[in-house]
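Before any comments, here is the structure.
In listed order, ligands and their atoms are each counted from 1. Quick note: numbers below take in every heavy atom, side chains included, and nothing from hydrogens, waters or symmetry partners.
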Amino acid sequence: MNSNPKLKGQSALVTGASSGIGKAVAIALANEGVNVVVNCSSHPERGQEVVDEIKSSGGTAIVYQADVSKEDEVQAMFAAMYKAFGTIDILVNNAGLQKDSAFVDMTLADWQKVIDVNLTGQFLCAREAAREFLRRGIVAERSVALGKIICMSSVHDMIPWSGHVNYASSKGGVMLFMKSIAQELAPHKIRVNSISPGAIKTRINASEMETQEEIDKILTLIPYNRIGEPEDIGKLAVWLASDDSDYITGATIYIDGGMTLFPGFAGNG
Ligand code: NAD
């Protein structure tokens, strides 16, 4: 606990934190002494399990059920956070989903759902966080920044992905959403960055990693030759949230074992 005193006493909201990457980020932040809101869209008992795990290690957390694509639910969630912890210092826009199909078969509903959650959800939460940072002002003893926003993007904000056109479009959107608000908010000392993971073992891709053959196929895309763990992302989120990364804003950090190095071109391609 509290190995990074610079984060102690800050408050974070992590969306989609009842599983996978969000859960690992929530636990990693809580282990640094951050008060955490564990957001989940359904199954609050799973969010409560994350809260219980955090509390059993001496951390502070609450669970809050809200759909990040619904404006009224997002605003109610931020109000509940301010009631519990007073304010917000760190937003981790992590909630996301996939609804895959061949492009010609993609329904408008599946296109819209992915854009609503993966992109509009990030807009709604970032806007609320930025409003609170600006209202509250700097708290010098907690952070030199007014606030920190971390957007969970994907290597598919730059690698095209057939069969996943809605998902890749949403993450491509997150990239310029993040950079545009980073540009707009930097003069206020609000830092905004993206984490773009490669293949991380979570339920979002569980069906693509069921057999050794499937895992071996994915490994051909990863020069570093291992699938990522949610904890890899947790460690990066802690650093991006802390003043140790104070000069970084508007950046996309690829955390992918080299997937974006185009390994198919190794040798003569
Ligand atoms: P996951 O399915 O375990 O986590 C996604 C979380 O988002 C779930 O807890 C889900 O309940 C939540 N969620 C979905 N819709 C929501 C909504 N409307 N409101 C609030 N929460 C909602 O999968 P994950 O891999 O941990 O994904 C987390 C993030 O990481 C996503 O944004 C995903 O696109 C991104 N990502 C994952 C990988 C990977 O390889 N696992 C790679 C790149 C990016």
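Residues Lys23 and Glu53 meet the side-chain proximity criterion, which asks for heavy atoms closer than 4.5 Å. For the pair Tyr64 and Leu13, the minimum side-chain heavy-atom distance is 4.5 Å or more. Under the 4.5 Å side-chain criterion, counting only non-hydrogen atoms from C-beta, His164 is in contact with Gln98. The shortest side-chain heavy-atom distance between Asn193 and Ile195 does not fall under the 4.5 Å cut-off. In this structure, Val238 and Leu7 have side chains that are in contact, with non-hydrogen atoms separated by less than 4.5 Å. Side-chain atoms of Val36 and Thr60, non-hydrogen and from C-beta on, never get closer than 4.5 Å to each other. Phe133 has its side chain out of reach of His188: every pair of non-hydrogen atoms, C-beta onward, lies at least 4.5 Å apart. Arg127 is listed as a side-chain neighbour of Glu71, based on a closest heavy-atom distance under 4.5 Å.
Ligand 1 lies within reach of Ser153, whose nearest heavy atom is under 4.0 Å from it. Under a 4.0 angstrom heavy-atom cut-off, Pro230 registers as lying outside contact with ligand 1. Heavy-atom distances between His156 and ligand 1 stay at or above 4.0 Å for every pair.
Taking every non-hydrogen atom of Leu97 and a distance limit under 4.0 Å, the qualifying atoms of ligand 1 come out as 15 (N). For ligand 1, the atoms sitting less than 4.0 Å from at least one non-hydrogen atom of Asn205 are 39 (C), 40 (O), 41 (N), numbered in the order shown with element in parentheses. Under a 4.0 Å criterion applied to the non-hydrogen atoms of Ala66, ligand 1 contributes the atoms 19 (N), 20 (C). Atom numbering of ligand 1 starts at 1 in the shown order; those under 4.0 Å from a heavy atom of Asn39 are 20 (C), 21 (N). Set against the non-hydrogen atoms of Ser18, the atoms of ligand 1 under 4.0 Å away are 9 (O). Interface of Pro197 with ligand 1, defined as ligand atoms under 4.0 Å from a residue heavy atom, comprises 42 (C), 43 (C), 44 (C).
Protein heavy atom in closest approach to atom 2 (O) of ligand 1: Arg203 NE, 3.3 Å. Nearest to atom 25 (O) of ligand 1 among the protein's heavy atoms is Thr202 OG1, 2.5 Å. Nearest protein heavy-atom contact of atom 37 (C) of ligand 1 is Ile21 CD1, 3.6 Å. Counting protein heavy atoms only, atom 5 (C) of ligand 1 is closest to Gly96 O, 3.4 Å. Nearest protein heavy-atom contact of atom 1 (P) of ligand 1 is Ser19 OG, 3.6 Å. Remark: minimum distance from atom 27 (O) of ligand 1 to any protein heavy atom is reached at Ile204 CD1, 4.1 Å. Of all protein heavy atoms, the one closest to atom 12 (C) of ligand 1 is Gly16 CA, 3.7 Å. For atom 38 (C) of ligand 1, the nearest protein heavy atom (residue, atom name, distance) is Gly198 O, 3.8 Å.
Partners of Lys235 by side-chain contact (heavy atoms from CB on, under 4.5 Å), not counting sequence neighbours: none found. For Ala95, the side-chain contact (heavy atoms from CB on, under 4.5 Å) partners two or more places apart in sequence, or in a different chain, are Thr15, Val68.
The closest heavy-atom contact to atom 21 (N) of ligand 1, among the options Gly20, Ala17, Ala95, comes from Ala95. Between atom 15 (N) of ligand 1 and the options Thr120, Val117, Val174, the minimum heavy-atom separation is to Val117. Ranked by closest heavy atom to atom 32 (O) of ligand 1, the top entry among Ile255, Asp116, Asn94 is Asn94. The closest non-hydrogen atom to atom 41 (N) of ligand 1, taken over Val68, Ile200, Ile218, comes from Ile200.
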Please lay out, stage by stage, how Gln212 and Asp216 fare under the test side-chain hydrogen bond (donor to acceptor under 3.5 Å, both in side chains).
-> CA-CA 6 Å; Gln212 191 55 45; Asp216 288 344; 3.0 Å; yes
Verify side-chain hydrogen bond (donor to acceptor under 3.5 Å, both in side chains) between Asp157 and Ser153, making sure each step is shown before the conclusion.
-> CA-CA 7 Å; Asp157 62 16; Ser153 188; 2.8 Å; yes
Any chance you could lay out the salt bridge (charged side-chain N to carboxylate O under 4.0 Å, His left out) test for Lys113 and Asp116, step after step, and finish with the verdict?
-> CA-CA 5 Å; Lys113 179 75 181 172; Asp116 284 351; over 6 Å; no
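Closest approach of Pro197 and Ile233 over heavy atoms only: CB-CD1, 3.9 Å.
When each of Lys148, Arg191, Arg136 is checked for a salt bridge (charged side-chain N to carboxylate O under 4.0 Å, His left out) with Asp89, only Arg136 meets the rule.
Between Asp67 and ligand 1, an N or O atom pair is found at a separation short of 3.5 Å. Backbone and side-chain nitrogen or oxygen atoms of Val155 are examined, and none is located within less than 3.5 angstrom of a nitrogen or oxygen of ligand 1. Some N or O of Tyr167 is nearer than 3.5 Å to an N or O of ligand 1, by distance alone.
Neither the backbone nor the side chain of Ser196 comes within 4.0 Å of ligand 1, counting heavy atoms alone. With a 4.0 Å cut-off on non-hydrogen atoms, Ala199 touches ligand 1 through its backbone and not its side chain. If you look at Lys171 next to ligand 1, the close heavy atoms, those under 4.0 Å, all belong to the side chain.
Between Trp161 and Tyr167, the ring-plane angle classifies as perpendicular under the 30° and 60° cut-offs.
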